Amino acid sequence: MKPSLPKGTRDFGPLQIRKRNYIFEIIRNTFEIYGYQPIETPAMENLSTLTGKYGDEGDQLLFKILNNGDYLAKADTGALAEKDSKKLLSSISKRGLRYDLTVPFARFLSMNRNELSFPFKRYQIQPVWRADRPQKGRFQEFYQCDADIAGSTSLVYEAELIEIYDKVFAALGLNVKIRLNHRKLLQAFAEHGGLADRFSEFTTALDKWDKTGEQGFREDLKNLGASLDKIDLLIDLINSSVDNESELQTLAQYEIGRAGLDEIAKVRSFLDTEHIQNKVVVDLTLARGLSYYTGCVLEVESKDAKMGSIGGGGRYDDLTGVFGFQGISGVGISFGAERIYEIMEELQLFPELKPSATQVLFLSFDKEDLLYSKKWQSALIRNNIAAEIYPEPAKLKKQFKYAEGTGVPFVAIVGKNERENNSVQLKDQNTGEQQEVNLEQLIDLLG
RNA sequence: GUGGUUGUAGCUCAGCUGGUUAGAGCACCGGAUUGUGGUUCCGGGGGUCGUGGGUUCAAAUCCCAUCAUCCACCCCA
């Protein structure tokens with residue numbers, strides 16, 4: 001049969017894994033230094049945990065897992081006869097693959113509320129699955145790296161998360177723009193345009209601003225029933241407010257706007273601005289689709305590559321309410337590892353990484369050399385030096401080719417002369433320099 | 001879910017106004033080279049031309065369907 005992969009999934013070779021781990025390590029270390037604790041949750045959740053949390057579109061993109069056994073025996077026969085897939089679903093599938101890390105986290109919190117100390121800071125680096133149509137930087141299986149704080153409304157955390165974004169991207173060598181907004185500002189904004197009653201449609205139109213531009217936005221608002229002069233008012237505000245904080249004061253004439261501005265100001269006051277390397281801007285056009293956000297929202301985009309957002313997050317006042325755990329406010333961010341990877345690849349930002357950790361490879365001419373090599377290898381490994389032997393005596397050319405393919409920095413050549421001298425010929429693969437060394441010297445050189 | 005793109009060797013692709021036995025580069029294997037690879041030279045293996053159907057004396061090439069891929073939209077990381 002012809003081997004193939006399911007749509008939107010990928011294998012990762014050794015070098016890719018090294019590169020991915022490089023990204024994960026930087027993110028993980030940053031999470032750790034701010035005191036976040038690691039958790040993991042299962043790839044699959046009960047479907048009831050997942051459905052209804054991401055809107056209708058989200059439900060469509062959930063991977064459902066068919067029940068085991070004779071699942072048709074218990075199927076809703078009525079729905080089956082009517083070919084009503086939606087109705088049939090609950091009777092043939094009770095589990096699904098997780099769609100993000102936030103909802104499983106909320107479920108986790110609710111189940112473990114008595115064991116955890118709040119505020120609880122957790123991070124989680126795991127794959128998620130979406131039945132989306134793949135395209136550039138978008139897959140059906142991809143990793144998210146999330147950090148969230150549950151059980152505190154302090155704006156210290158918003159500032160902390162912005163700092164984490166800044167630190168991680170600075171460490172990765174990526175120039176980014178961190179966009180910041182507040183749902184309350186959006187509400188004031190909607191009110192300003194007389195669209196308070198069409199809030200969610202308004203935010204979707206706003207969110208598309210980067211793509212549709214002024215013209216498209218005008219169209220969208222017209223369709224929402226906004227009056228022409230109000231539309232002009234809104235557009236003026238957008239055009240003047242980006243990167244210009246003082247213009248935001250227009251929104252202060254609304255009570256909710258004042259509240260939003262106040263919170264943003266507090267977040268800014270907590271920011272360690274002196275050490276922030278990337279741009280943090282308040283951007284009124286940032287809305288974010290996920291409807292559970294209630295406070296600050298943020299999103300990160302690369303300044304050097306054309307790609308969707310490479311991270312996003314925000315505050316949700318009622319994180320765990322649906323699971324019966326009331327009064328828990330949460331705020332968190334997510335890194336899109338796949339997109340970060342693609343941008344770093346494009347900009348060649350990865351350090352030089354080798355697929356294998358092997359420091360030295362032993363090459364031999366005959367069986368006795370091989371035996372001798374094996375002993376030396378064992379000695380090196382006892383000294384915690386990664387060493388390999390070529391598994392059989394072969395033409396040196398062939399052995400050298402293998403050495404080149406694995407990128408091992410040193411080879412140790414063993415022949416009759418070396419055995420008699422109790423030594424090996426150690427060759428530096430980069431410079432081509434070669435010297436005869438004994439075991440002690442070798443351990444010293446590579447240790 | 002909507003629109004478009006591309007499917008030919010392990011990889012990247014050429015061949016496409018239908019016409020012998022389908023090509024190149026890279027990779028791989030062997031040799032020049034029985035104690036030193038990356039350069040060079042010589043030789044070699046490897047293809048149901050995505051799949052199914054149709055048109056034709058003749059299809060990688062034209063038509064239809066289907067699957068896959070990538071890209072854009074919706075949405076998102």
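Everything quoted here is computed from the prediction, not taken from an experiment. First the proteins, then the strands, lettered A, B, ... as listed; each starts at 1.
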Quick tally for nucleotides 67-73 of chain B: nucleotides whose base has a protein heavy atom under 4.0 Å get B, sugar-phosphate-only ones S, the rest -, giving --S-SBB

Per-nucleotide protein contact along nucleotides 31-43 of chain B, 5' to 3', at a 4.0 Å heavy-atom cut-off (B base, S sugar-phosphate only, - neither), is SB--BBBB-----

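Checked against a 6.0 Å centroid threshold, the rings of F362(A) and Y390(A) do not count as neighbours. Separation of the F24(A) and Y143(A) ring centroids falls under the 6.0 Å cut-off.
Across the protein-nucleic acid pair, Q60(A) atom CD and rC75(B) atom C1' stand 11 Å apart, rounded to whole Å. One can place OH of Y293(A) at 11 Å from C1' of rA77(B), the figure rounded to the nearest angstrom. Summarising the geometry, the separation between OH on Y54(A) and P on rA77(B) is reported as 11 Å, rounded to the nearest angstrom. Residue E299(A) contributes atom CD, which lies 13 Å from atom P of rC75(B) at whole-angstrom precision. Between the CG atom of L61(A) and the C1' atom of rG1(B) there is a distance of 10 Å, rounded to whole Å. Here the P atom of nucleotide rC29(B) and the CD atom of Q399(A) are 14 Å apart, to the nearest Å. Atom CG in L62(A) sits about 14 Å away from atom C1' in rC76(B), given to the nearest Å. Rounded to whole Å, the distance from CG on L172(A) to C1' on rA77(B) is 15 Å.
Contact check on R95(A) versus E45(A) returns no salt bridge, with no Lys/Arg side-chain nitrogen under 4.0 Å from an Asp/Glu carboxylate oxygen. By the 4.0 Å N-to-carboxylate-O rule, E392(A) lies too far from K367(A) to be salt-bridged with it. A salt bridge links E25(A) and R28(A); the closest N-O separation between the charged side-chain nitrogens and carboxylate oxygens is under 4.0 Å. Here E433(A) does not pair with K427(A) in a salt bridge; the nearest charged N to carboxylate O distance is not below 4.0 Å.
Only the P atoms considered, rG7(B) is 16 Å distant from rU69(B), to the nearest whole Å. With both ends at atom P, the span from rA22(B) to rG50(B) equals 15 Å, rounded to whole Å. Rounded to the nearest Å, the gap between the P atom of rC75(B) and that of rU12(B) is 33 Å. Across the P atoms, rG47(B) and rG10(B) are found 8 Å apart, a figure rounded to whole Å. For the P atom pair drawn from rU48(B) and rG38(B), the interatomic distance equals 33 Å after rounding to whole Å. For rU36(B) and rG31(B), the P atoms lie 15 Å apart once the distance is rounded to whole Å. Spacing between rG46(B) and rC28(B) at atom C1', rounded to whole Å, works out to 9 Å. If you take atom C1' in rA60(B) and the same atom in rG23(B), they sit 12 Å apart, rounded to whole Å.
Stem regions for RNA chain B, each three or more consecutive Watson-Crick or G-U pairs with both distances under 3.5 Å and listed by first number, read B:1-4 with B:70-73, B:10-13 with B:23-26, B:28-32 with B:40-44, B:50-54 with B:62-66.
Residue pairs meeting the salt bridge (charged side-chain N to carboxylate O under 4.0 Å, His left out) criterion with at least one member in residues 435-447 of chain A: none, sequence neighbours excluded. Applying the salt bridge (charged side-chain N to carboxylate O under 4.0 Å, His left out) test to pairs two or more places apart or on separate chains, those with a residue in residues 133-146 of chain A are D132(A)-R138(A).
For the side-chain contact (heavy atoms from CB on, under 4.5 Å) test with F105(A), the passing option among T41(A), L319(A), T320(A) is L319(A); the others fail.
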query: Yes or no on ring-ring contact (aromatic ring centres under 6.0 Å, His included) for Y36(A) and Y123(A), after CA distance, side-chain angles and deciding distance?
result: CA-CA 6 Å; Y36(A) 290 75; Y123(A) 73 86; 7.5 Å; no

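Qualifying side-chain hydrogen bond (donor to acceptor under 3.5 Å, both in side chains) partners for K121(A), counting only residues two or more places apart in sequence or in other chains: E160(A).
Per the stacking criterion (ring centres < 5.5 Å, plane angle < 30°), F335(A) does not stack onto the base of rA77(B).
Side chain of S91(A) to backbone of A75(A): no donor-acceptor contact under 3.5 angstrom is found.
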